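Contents: one structure, followed by commentary.
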Amino acid sequence: MSTDSEKTFAAVLTPPARGAIATVAVRGPAAVEWSDRFFTSLSKTPLCQAKAGRILVGNWQASDEDLGEELVVAKLASDYIEIHCHGGVQASRRITRHLESVGCEIGTWQDWTRQKAPDAIVAEAQAALPEAATKQAALHLLDQAQGALSREVVAIIAAIEAANFEIADQQIAQLLQLGPFGLHLTRPWSVVLAGPPNVGKSSLLNKMIGYDRAIVLDMPGTTRDVLHATTALDGWPVQFSDTAGIRQSDDVLEQAGILKAKGALQQADLVLVLHDATNLRPHELDDSLKELPAAVHVVNKIDLATDLALPTSGEMLATSAVTGQGVPELISAIVDHLVPVRPGEGQAIPFTLTLIEVLKQAQQFLQNQQPDAARQRLSDLLSKTSPSPADIA
Ligand SMILES: Nc1nc2c(ncn2[C@@H]2O[C@H](COP(=O)(O)OP(=O)(O)OP(=O)(O)O)[C@@H](O)[C@H]2O)c(=O)[nH]1
Ligand SMILES: [Mg+2]
């Protein structure tokens, strides 16, 4: 079996979608030789004779029958070639097929990133970066891609090796506290709008996202399926789900919608339970909407109920989906619920389920007086030869 330093490896670095240009990168001892088998530059300079840093225009052709493709090849180092061909899927796939036919290993851009990253956590962060839905989420992932979490794990290993078990335990606990936040760097928070029919759930959704995503009608039972809309609140990615009004119903279709609505409640990070200011009946609320683990109660349509006396407890907010009154306050309340603690710049954050799981295992080992096992578990996280964090779970 060839080692990483012996093998020649290629990957398409651009997304498999429409685009003007696609880039295939080839690295390894045979990168130049194998590219030379297919590429003829206009100047007839073979890549093996070109200096590192040269960019050559030419033709990539597998055989005389093959029409070939005009493209650009950059020789970035004696073992590193970048081929810039036409965009889309087929042109780049043709090139990787040719390279594969002469023995080149083909991988994904994530494999490419993994190979170049200094450790497995950095590699995971680099692979996760394109999944970040907002700039703010991307900045925190960028910190991890630049080694913030790796350095913290190294510090914890050092604390264990120095027999500072209590400090190591605290450091792991601090990281674990940020776990739920870290998971949302690549996956939006889920906020579900729920309540009785006709209270204004769909209207409020539309108001908060700024466009008409859901149908609004003065008719109870308008929304049936669960509708999703993703947005950013204060820079954090949030997926809203609008649901069918929950009530007793004999209508089979409505019942199906209500069942879906109840299912959505289970997946939510936060539920906005809506009430109608013109018809406040909190005691008649369906059981599924009582005692939710995370809920904000919202009295909507306050523009129609000017003499309404609202409880001032702060758990009840008042809005008008028509005038927008109370909507900024509601958005602030949502953000405060979802992101109560905001990590600082450069802070270490575990950002995958596997990272969190391994940290928990290491903590458990420490608490069971098995420091060697804890240290090993943490070292595995960094190691590129051990299974990557994504493979461990
Ligand atoms: N005046 C006023 N009318 C509102 C407000 N919010 C919603 N409405 C009206 O109330 C009616 C019902 O609104 P929807 O948004 O469809 O209510 P819903 O809760 O989604 O209803 P279902 O999908 O049937 O459960 C529509 O006529 C809206 O225009 C509000 O804040 N003020
Ligand atoms: Mg609706």
Side-chain angles (χ1 to χ4, degrees), residues 188 190-231 233 238-290 292 294-334 337:
S190 161
V191 176
V192 172
L193 290 117
N198 220 43
V199 293
K201 300 179 292 300
S202 302
S203 307
L204 197 57
L205 168 82
N206 292 346
K207 195 74 186 173
M208 284 193 289
I209 60 173
Y211 65 95
D212 285 346
R213 171 71 182 88
I215 296 173
V216 166
L217 266 185
D218 195 7
M219 191 181 87
T222 301
T223 306
R224 298 292 168 99
D225 247 327
V226 179
L227 279 185
H228 304 290
T230 303
T231 188
L233 299 185
V238 171
Q239 185 190 59
F240 282 115
S241 300
D242 180 24
T243 59
I246 298 177
R247 65 172 170 183
Q248 294 298 326
S249 167
D250 296 331
D251 180 309
V252 180
L253 187 58
E254 192 175 355
Q255 278 174 1
I258 292 169
L259 207 62
K260 277 201 161 193
K262 289 182 178 174
L265 296 176
Q266 309 304 315
Q267 315 295 326
D269 295 305
L270 177 68
V271 179
L272 304 183
V273 181
L274 262 69
H275 306 261
D276 186 333
T278 63
N279 187 19
L280 266 183
R281 295 176 180 178
H283 51 283
E284 288 179 16
L285 213 55
D286 188 88
D287 283 347
S288 62
L289 296 170
K290 293 176 186 159
L292 290 159
V296 168
H297 287 258
V298 182
V299 178
N300 188 41
K301 304 194 188 180
I302 48 162
D303 54 301
L304 297 180
T306 41
D307 56 348
L308 184 72
L310 281 176
T312 50
S313 68
E315 293 205 329
M316 197 75 125
L317 288 169
T319 58
S320 165
V322 169
T323 67
Q325 190 186 340
V327 173
E329 290 79 0
L330 173 59
I331 288 175
S332 295
I334 295 171
H337 262 268

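What you see is a predicted model, and the numbers here were worked out from it, not measured in a lab. Each ligand, and each atom within it, is numbered from 1 in the order the structure gives.
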Quiz prompt | Leu217, portion touching ligand 1 at heavy-atom distance under 4.0 Å | solution = backbone
Quiz item: How about Gln248: does its CD atom have over 12 heavy atoms from other parts shown lying under 6.0 Å from it?
Solution: no
Quiz item: Which residue owns the protein heavy atom closest to atom 22 (P) of ligand 1, what's the atom, and how far is it?
Solution: Asn198 N, 3.6 Å
Quiz item: Backbone N or O of Leu274 within a donor-acceptor pair of the Asn300 side chain at under 3.5 Å?
Solution: no
Practice problem: Answer with side chain, backbone, both or neither: which part of Thr222 has a heavy atom less than 4.0 angstrom from an atom of ligand 1? | Solution: both
Quiz item: Which value, rounded to the nearest 0.5 Å, describes the distance between Arg224 atom CZ and Lys260 atom NZ?
Solution: 13.0 Å
Exercise. May I ask you to identify the nearest protein heavy atom to atom 14 (P) of ligand 1, giving residue, atom name and distance to one decimal place in Å?
Key: Ser203 OG, 3.6 Å
Practice problem: Can you pull out the closest protein heavy atom to atom 4 (C) of ligand 1? Residue, atom name and distance to 0.1 Å, please. | Solution: Val322 CG2, 3.7 Å
Quiz prompt | Check: Asn300 N/O within less than 3.5 Å of ligand 1 N/O | solution = yes
Quiz prompt | For His283 against Lys290, the heavy-atom pair lying closest together | solution = O-NZ, 4.0 Å
Practice problem: Tell me which part of Pro220 gets within contact of ligand 1: side chain, backbone, both or neither, using heavy atoms under 4.0 Å. | Solution: backbone
Quiz item: Hey, is ligand 1 close enough to Gly245 that some N/O pair sits below 3.5 Å?
Solution: yes
Quiz prompt | Heavy-atom donor-acceptor pair, Ser320 side chain to Val322 backbone, under 3.5 Å | solution = yes
Quiz item: Any N or O of Thr223 that comes nearer than 3.5 Å to an N or O of ligand 1?
Solution: yes
Exercise. Any atoms of ligand 1 less than 4.0 Å from a non-hydrogen atom of Met219? List them with their elements.
Key: 24 (O)
Quiz item: Are any of the N/O atoms in Gly200 less than 3.5 Å from those in ligand 1?
Solution: yes
Self-check item: Nearest heavy atoms of Gly221 and Glu254, plus distance in Å
Solution: CA-OE2, 4.1 Å
Self-check item: Protein contact of atom 25 (O) of ligand 1 - nearest heavy atom, named by residue and atom, plus distance
Solution: Lys201 NZ, 2.7 Å
Quiz item: If you round to the nearest 0.5 Å, how far is NZ of Lys201 from OG1 of Thr223?
Solution: 6.5 Å
Exercise. Run the numbers for me: atoms of ligand 1, each under 4.0 Å from some heavy atom of Pro197, listed by number.
Key: 25 (O)
Quiz item: Any idea which protein heavy atom is nearest atom 29 (O) of ligand 1, and the distance to it?
Solution: Val216 CG1, 3.7 Å
Practice problem: Give yes or no for whether the N/O distance cutoff of 3.5 Å, strictly under, is met between Pro196 and ligand 1. | Solution: no
Exercise. Please confirm if an N, O or S atom belonging to Ser202, backbone or side chain, lies less than 2.8 Å from the Mg ion (ligand 2).
Key: yes
Practice problem: Please test Leu204 against Leu330 for side-chain contact (heavy atoms from CB on, under 4.5 Å), starting from the C-alpha separation and ending with a verdict. | Solution: CA-CA 10 Å; Leu204 197 57; Leu330 173 59; 3.8 Å; yes
Quiz item: Taking NZ, NE, NH1 and NH2 as the nitrogens, is one of them in Lys301 or Asp276 under 4.0 Å from a carboxylate oxygen of the other?
Solution: yes
Quiz item: Counting distance only, does the side-chain N/O of Ser332 pair as donor-acceptor with the main-chain N or O of Pro328 below 3.5 Å?
Solution: yes
Practice problem: Please say whether more than 12 non-hydrogen atoms of neighbouring residues, nucleotides or ligands are located less than 6.0 Å from CG in Leu217. | Solution: yes
Exercise. Scan side-chain atoms only and decide if Asp269 and Ser190 contain a donor-acceptor pair under the 3.5 Å cut-off.
Key: no
Practice problem: Could you tell me whether Lys301 and ligand 1 have an N or O pair separated by under 3.5 Å? | Solution: yes
Quiz item: Does any N/O atom on Gly221 come nearer than 3.5 Å to any N/O atom on ligand 1?
Solution: yes
Quiz item: Tell me, which protein residue and heavy-atom name are nearest atom 31 (O) of ligand 1, and how many Å apart are they?
Solution: Ala321 N, 2.8 Å
Practice problem: Please assess Asp286 against Ser288 for the test side-chain hydrogen bond (donor to acceptor under 3.5 Å, both in side chains), listing each intermediate value before the final yes or no. | Solution: CA-CA 5 Å; Asp286 188 88; Ser288 62; 2.7 Å; yes
Quiz item: Among all protein non-hydrogen atoms, which one is nearest to atom 1 (N) of ligand 1, and what is the separation to 0.1 Å?
Solution: Asp303 OD2, 2.8 Å
Quiz item: How about Thr223: does one of its N, O or S atoms come closer than 2.8 Å to the Mg ion (ligand 2)?
Solution: yes
